[in-house]
Asker: 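One structure, pasted below without further comment.
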Amino acid sequence: MTVHAIIGGTGLTELDGLVLRETKAIETPYGSPSADIVFGEYAGRDVLFLARHGHPHRIPPHQVNYRANVWALKQAGAQAIVAVNAVGGIHAAMGSGHFCVPHQVIDYSYGREHTFFEGDIDHVTHIDFSFPYDGDLRERLIAALAAQGCAFSSHGVYGCTQGPRLETVAEIARMERDGCDIVGMTGMPEAVLARELDLPYACLALVVNPAAGKSSGVITMSEIEAALVEGIGKARAVLARILA
Ligand code: HPA
């Protein structure tokens with residue numbers, strides 16, 4: 001049976017319903033992950049959990065040690081990763097509370113440690129990343145969202161920005177022209193690092209605000225927090241379905 005790891009983003013620093021066995025501080029050649037890895041049982045299956053921004057939530061998106069996080073999960077025995085990410089909605093269908101299972105990503109982030117294939121290596125490696133998300137995991141997320149009765153899109157292009165600031169209206173307009181449907185700050189390099197370690201990876205994105213320029217006003221933390229409170233319970237139920 002595949003051991004799944006959940007990487008919880010903003011709003012998901014713990015997974016209730018997780019029967020805790022132990023938590024372990026795992027050191028990696030790339031430093032420490034954002035938090036201890038939680039080993040547990042969820043819906044009757046072995047599962048690992050990691051809070052991407054630390055627990056409590058304190059590490060901004062551009063300072064997350066993505067390499068240590070992915071490496072530590074692999075070392076802990078993860079065979080697949082489901083990432084949960086809060087995002088802004090760009091496409092008209094992506095209103096607050098909507099879920100999206102992206103099928104593609106465009107990376108606008110910069111200056112992040114984004115590969116394991118550098119430094120003391122034997123040969124230069126270029127991995128294929130044509131299809132960044134695992135097809136089977138995506139199908140399972142889509143089936144779980146449908147069974148749970150959530151409003152969702154089964155496809156979407158995730159644009160990953162650097163943060164921690166939100167985007168300008170012009171940046172979102174450019175991303176829309178590029179084909180982005182949702183915007184977040186944590187989708188990359190996490191997805192590619194999982195690919196480099198041969199770990200199937202998929203993303204469950206929860207829209208928590210209309211992206212810049214997609215509503216009449218500015219974006220407030222209170223609207224984001226309200227959408228998170230509302231949506232994260234549903235995300236937990238979806239995760240329980242795919243783990244079961
Ligand atoms: N932009 C980038 N990241 C985000 C947003 C956004 O509007 N909302 C939640 N994460």
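First listed ligand is number 1; within each ligand, the first listed atom is number 1.
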Asker: Can you tell me which residue among Glu190, Glu118, Glu196 is in a salt bridge (charged side-chain N to carboxylate O under 4.0 Å, His left out) with Arg67?
Answerer: Glu118
Asker: Do me a favour and list the nearest non-hydrogen protein atom to atom 10 (N) of ligand 1 with residue, atom name and distance?
Answerer: Ala86 O, 3.4 Å
Asker: Less than 4.0 angstrom from a charged side-chain N to a carboxylate O is my criterion; do Lys74 and Asp198 meet it?
Answerer: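 No salt bridge links Lys74 with Asp198.
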Asker: Over all heavy atoms of both residues, which pair between Pro102 and Cys203 is shortest? Give the atoms and the distance, please.
Answerer: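 Closest approach of Pro102 to Cys203: CD-O, 3.4 Å.
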Asker: Please lay out, stage by stage, how Leu204 and Leu145 fare under the test side chain to side chain contact (heavy atoms under 4.5 Å, CB included).
Answerer: CA-CA 10 Å; Leu204 175 62; Leu145 283 160; 3.9 Å; yes
Asker: Could you find the nearest protein heavy atom to atom 8 (N) of ligand 1 and give me its residue, atom name and distance?
Answerer: Asn209 OD1, 2.6 Å
Asker: So do Tyr201 and Asp134 actually touch side chain to side chain, heavy atoms under 4.5 Å?
Answerer: no
Asker: Ligand 1 and Glu167, any nitrogen or oxygen pair closer than 3.5 angstrom?
Answerer: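 Between Glu167 and ligand 1 (N or O atoms, distance only) the closest approach is under 3.5 Å.
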Asker: Taking both backbone and side-chain atoms of Gly88, is any N or O found less than 3.5 Å from an N or O belonging to ligand 1?
Answerer: yes
Asker: Determine whether Arg138 and His155 make a side-chain contact, defined as any pair of heavy atoms from C-beta on separated by less than 4.5 Å.
Answerer: yes
Asker: With atoms numbered from 1 as shown, which atoms in ligand 1 lie under 4.0 angstrom from a non-hydrogen atom of Gly184?
Answerer: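 Those qualifying, in numeric order: 2 (C), 3 (N).
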Asker: Heavy-atom pairs closer than 4.0 Å: do any link ligand 1 to the side chain of Val87, the backbone, both, or neither?
Answerer: backbone
Asker: Considering only non-hydrogen protein atoms, determine which one is nearest to atom 4 (C) of ligand 1 and report residue, atom name and distance to 0.1 Å.
Answerer: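 That would be Val183 O, 3.6 Å.
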Asker: Under a 4.0 Å heavy-atom limit, does Leu166 contact ligand 1 with its side chain, its backbone, both, or neither?
Answerer: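 Near ligand 1, Leu166 shows its side chain, while the N, CA, C and O stay back.
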